[in-house]
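One structure is given here, and the rest of the page talks about it.
Counting convention: from 1, in listed order, for ligands and their atoms alike.
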Amino acid sequence: MSDDLFSFSSKDTPIVSGHPTTPDEEESFFSLRPESFADYVGQKETVETLQIAIEAAKKRDEPIEHVLFHGPPGLGKTTLAHIIAKEMGGELTITSGPALEKGGDLVGLLTNLQQGDILFIDEIHRIPKAVEEFLYPAMEDFSIDIVFDKGVHARSHRFRLNRFILIGATTRIGLLSAPLRDRFGMFRTLDFYDTDDLQRIARRSAALLNTPLTPEGARALAMRSRGTPRILNRLLKRVRDYAEVRADGVLTDEVVERALALEGVDCLGLTNLDRAFLKTIIDYYRGGPVGIEAIAATLQEETDTLVDVVEPYLLKIGFLIRTSSGRKVSQDACRHLGYAVQGKLF
Ligand SMILES: Nc1ncnc2c1ncn2[C@@H]1O[C@H](COP(=O)(O)OP(=O)(O)OP(=O)(O)O)[C@@H](O)[C@H]1O
Ligand SMILES: [Mg+2]
């Protein structure tokens with residue numbers, strides 16, 4: 001086992017984790033965020049479903065139904081919420097499951113919404129149960145029941161809300177309760193982007209940043225972005241810095257490769273954490289199957305980070321296999337990492 005296996009963690013490589021590390025960073029990406037469906041690359045079926053729903057709702061002069069987006073971080077869920085709000089002409093209020101600690105937090109937000117406004121709840125699977133119960137009547141009947149006093153004096157009062165649109169986003173659909181899931185009229189899973197779409201995003205972002213990018217450079221970036229626009233935009237900025245300091249400012253495939261090698265990003269876009277994850281399974285657990293908790297403990301990483309950020313892409317490219325008895329590494333992954341694969345190793 002290599003010595004460097006434990007010398008890093010996802011905290012050392014924020015550049016490639018799917019989540020924005022700071023609000024400022026998210027802010028600085030704001031200009032790269034597409035503001036209309038025309039600029040939103042890929043996810044064709046989701047875009048079409050939404051466009052149809054929006055056009056139909058506008059004809060009837062009513063808001064669209066509640067929408068639930070599911071998918072790994074950085075694929076464009078928040079971006080879609082912004083675009084929907086713009087198309088529908090409503091105000092967008094953004095919150096997240098963990099930020100809604102008490103029922104009162106949600107009631108405050110709901111009662112401030114006007115007809116056609118949008119409430120976006122990120123990480124909706126992390127909403128506390130007590131708060132979730134306020135959401136049911138709010139979503140279904142546009143009303144909330146508030147109970148005053150306790151015991152025999154308890155009285156319930158029903159408040160009417162304006163007809164709003166709830167947009168929920170989650171990285172873990174399995175953790176969402178069935179009653180909540182069923183109250184969304186539309187449910188879309190966002191998938192990883194293919195290289196063509198990522199190249200398109202690279203060209204668009206490079207143009208917005210005024211950075212020269214060759215077609216080969218765009219392809220090299222796309223291949224290293226783990227199917228994720230947010231990662232692509234981050235890597236693009238790192239490569240731009242490198243090109244301006246160590247090259248002539250033009251983002252060619254060679255410059256992309258050199259710059260990203262420095263960041264620990266390999267030709268498939270795998271990061272130090274991805275490789276450490278796979279190597280742990282191979283070196284400590286003979287390739288698996290092994291439970292995620294055991295991997296997390298060995299790597300000293302959060303289980304959630306591994307499940308939300310690391311695993312989805314490794315599963316997608318077939319480097320990781322999930323079985324009923326745990327995670328297994330594939331032979332392709334072993335080959336990529338330079339392990340000898342003899343016959344049936346695992
Ligand atoms: N379809 C797209 N076309 C072009 N750029 C995109 C697209 N989707 C996302 N992006 C870019 O990627 C960034 C991240 O997208 P977004 O914040 O919407 O991801 P998310 O799915 O909400 O992630 P999280 O789960 O971490 O909240 C955006 O700021 C935008 O620049
Ligand atoms: Mg988001």
* **In one Ile/Leu/Val/Met/Phe/Trp/Tyr side-chain cluster, 4.5 Å: Leu314, Val329** => yes
* To do: Could you establish whether Pro34 and ligand 1 come within less than 4.0 Å of each other, counting only heavy atoms on the residue side?
  => yes
* To do: Decide whether an N or O pair under 3.5 Å exists between Arg230 and ligand 1.
  => yes
* How about Arg172 and Asp304: do any of their side-chain heavy atoms sit closer than 4.5 Å? -> yes
* Asked: So, Tyr136 versus Arg183: side-chain donor-acceptor pair below 3.5 Å or not?
  -> no
* Mind checking what makes ring-ring contact (aromatic ring centres under 6.0 Å, His included) contact with His153, not counting sequence neighbours? -> none
* Structure fact -> Note: Ile201, heavy atoms under 4.0 Å from ligand 1, region reported as side chain
* **Main-chain N/O of Leu32 paired to Arg204 side chain as donor or acceptor, under 3.5 Å** => yes
* **Per-residue contact class, Leu80 against ligand 1 - non-hydrogen pairs under 4.0 Å** => neither
* So does Thr78 have any N/O/S atom less than 2.8 Å away from the Mg ion (ligand 2)? -> yes
* **Derivation of the side chain to side chain contact (heavy atoms under 4.5 Å, CB included) call for Leu109 and Asp105** => CA-CA 7 Å; Leu109 289 176; Asp105 298 335; over 6 Å; no
* Asked: Should Thr171 be counted as touching ligand 1, given the test is an N or O pair under 3.5 Å?
  -> no
* Per-atom contacts, ligand 1 versus Thr78 - under 4.0 Å to a heavy atom -> 17 (O), 18 (O), 20 (P), 22 (O), 27 (O)
* To do: Consider only side-chain heavy atoms of I, L, V, M, F, W and Y, link residues closer than 4.5 Å, and tell whether Leu273 and Ile317 are in one cluster.
  => yes
* Can you list the atoms of ligand 1 that are under 4.0 Å from a heavy atom of Leu32? -> 31 (O)
* Structure fact -> One finds that the ligand 1 atoms under 4.0 Å from a non-hydrogen atom of Arg33 are 16 (P), 17 (O), 18 (O), 29 (O), 30 (C), 31 (O)
* **Sub-4.0 Å atoms of ligand 1 with respect to non-hydrogen atoms of Asp122** => 27 (O)
* Asked: Looking at Phe187, is Arg181 sitting on its ring face, NZ or CZ under 6.0 Å from the six-membered ring centre and within 45 degrees of the normal?
  -> no
* Are Arg160 and Asp141 within salt-bridge range, i.e. N to O under 4.0 Å? -> no
* **Nitrogen or oxygen of Gly42 less than 3.5 angstrom from that of ligand 1** => no
* Asked: For ligand 1, is there an atom lying under 4.0 Å from some heavy atom of Tyr193?
  -> yes
* Asked: What do you reckon, does Gly74 put a non-hydrogen atom under 4.0 Å from ligand 1?
  -> yes
